[in-house]
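Working notes for the structure below.
For clarity, every value in this text was computed on a predicted model and none was experimentally measured. Both ligands and their constituent atoms are indexed starting at 1 by order of listing. Just the heavy atoms: all of them, side chains too, but no hydrogens, waters or symmetry mates, feed the values below.
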Amino acid sequence: MPLDLVLRHARLLDSDAPCDIGIADGRIVEIASEIAAAAPEERLDGRLVTPGFVETHIHLDKSCILDRCKSADGTLKEAIAAVAAAKRAFTEADVYARAQRTLEKAIAHGTTRMRTHVEVDPRVGLRGFNAVRTLKRDYAWAIDLQICVFPQEGLTNDPGTEELLIAACEQGADLIGGCPYTDTDPPTHMARIFEIGRRFDLDIDFHLDFDLDPSWMHLDEVCRLTKAHRWGGRVAIGHVTKLSAVDYRALAEVARRLADAGVAVTVLPATDLFLMGRGHEHSMPRGVTPAHRLLAHGVTCSLATNNVLNPFTPFGDCSLIRMANLYANIAQAGREADLKACLDLVTTLPARLINATDYGVAVGHPADLVVLDSRDPAMAVAELAQPLFGLKRGRRSFTHAAVALHRP
Ligand SMILES: [Zn+2]
C-alpha cells in the first residue's frame, strides 16, 4: 500500500527503541524499526510520539466569561451563582464564539478527543447544547467531541430541567451528566440520571463529592446504582475532592469499591486547587484527589481541565501536558514511574474512561498523533514538553514553530 506519510525515528511511550510509523488513508498501517518507502516523511530524531491527548472533562459553553462575572470570595457557591446569572444572556452565537476559542487552544495543545459538559436548564435552554453541537460538526477535522448534557443547578429542584435534558438526549447528546451536590434531593437526582442514561443507552458522568468533608460521600450511591443497573465501565465521576481528605487506608477502601463497581474518576487540579479550602486563611488544603494512587487499585482515572477563564477557574490554556505537570507538582509525584503515570492520565487512561476502542499508536488505529519536543515520557511531564505538531486521522491539524534564539 502506498504510504501518505512516514514519521521516522519516533520514540513511543511503551518502548525505548526508536521506530518508524507508516500512515495511509488516515490510519497507522505499519510500525517498524525502519520502513523502506518513498513517501513524504517527517524526521523526528528520537522525539516522543504519543497518541493525541484526551480531555475527559471541560466546560466549553461557559468558558471565557470573566469579563461579565464579578467574583468576590472565590467560592464554589459564588461561581455557580455568577454563571447562573450570566447564562440567561447566552446566545448560540455567543456560546459558539467562546467555545470555539477554547476548543482551538485545546487542539493546538495536542488534544484529539474531548468530552465537554454542557449545561441544560430553563435559564439557558438548549442554546449551549445547540452551539456546541454545531462546533462538534465544524471541528470534526481536528477533534472528536462528546457532548455530556447535565443540570449544573440541580434537577428535582428545577422544574423543566428534566424535560430539556431528555430533549437534548433525543437530539443527539452523547451522554448524560449529573450534579447531585446542587440538588435539594441528591438521591432522586442520581436515580433519575441513571434512568435517563438507561433509557437512551448513554454513558454517565457526574460532578460529585466536591468538598473536603469525608464523613459522607455520594459516590457510595453512585457505585450502588452502577452495580444495580449493570452500568460498570460506563460511569465516571469528576472532582471527588473528598478523597483528598482521607488517609491512605480509607482511600484504598474507596478505591477498591470504585474499581469493583466500574466507576472511573476524573481529577480536575486547576479548579479543585482554586475553589477548595476557601474557609482557610492559611495552610490551605490542596483539595486535589491523588489520582495516581487510585490507579494501583485498578480505578480508571484521568486528569482534565474543567473550567477555563470563568469564576470556577480564572486560568487556563487547555494544555493537558500542563495539567499533568501541575498535578505531578501538587501531588508530589516526582519519581520517574509517577511522572510517566501522569502522562498516562492524559492519554491512555482517559481514552479508556471515554470507552475509545481505536485509540493508541497501533497498526489499524486512526493516526491521531502528537509529536512532543522531548525524548522521554517522564521528562515530557517534568519539562512541559511543547507539542510540535499533531495529526488527526493522518492529516496535520496544528503546528508550533520551533523556538529560535537570536544571539547577538
Ligand atoms: Zn465540571
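Not less than 6.0 angstrom separates the ring centroid of Phe206 from the ring centroid of His218. Ring centroid separation for the pair Phe315 and Phe274 comes in under the 6.0 Å cut-off. In this structure, the ring of His400 has its center no less than 6.0 angstrom from the ring center of Phe389.
The backbone N or O of Ala367 lies less than 3.5 Å from no partner atom in the side chain of Arg393, so there is not a single donor-acceptor pair. Using modelled atom types, one side-chain atom of His189 and one backbone atom of Cys179 make a donor-acceptor pair closer than 3.5 Å.
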With a 3.5 Å cut-off and sequence neighbours excluded, list the donor-acceptor pairs that the side chains of residues 168-176 form with protein atoms.
| from | atom 1 | to | atom 2 | distance (Å) |
| --- | --- | --- | --- | --- |
| Asp174 | OD1 | Lys136 | NZ | 3.1 |
| Asp174 | OD2 | Lys136 | NZ | 2.8 |
| Asp174 | OD2 | Ile147 | N | 2.8 |

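For the Zn ion (ligand 1), protein N, O or S atoms closer than 2.8 Å were enumerated as His57 NE2, His59 NE2, His207 NE2, Asn306 OD1, with waters left out.
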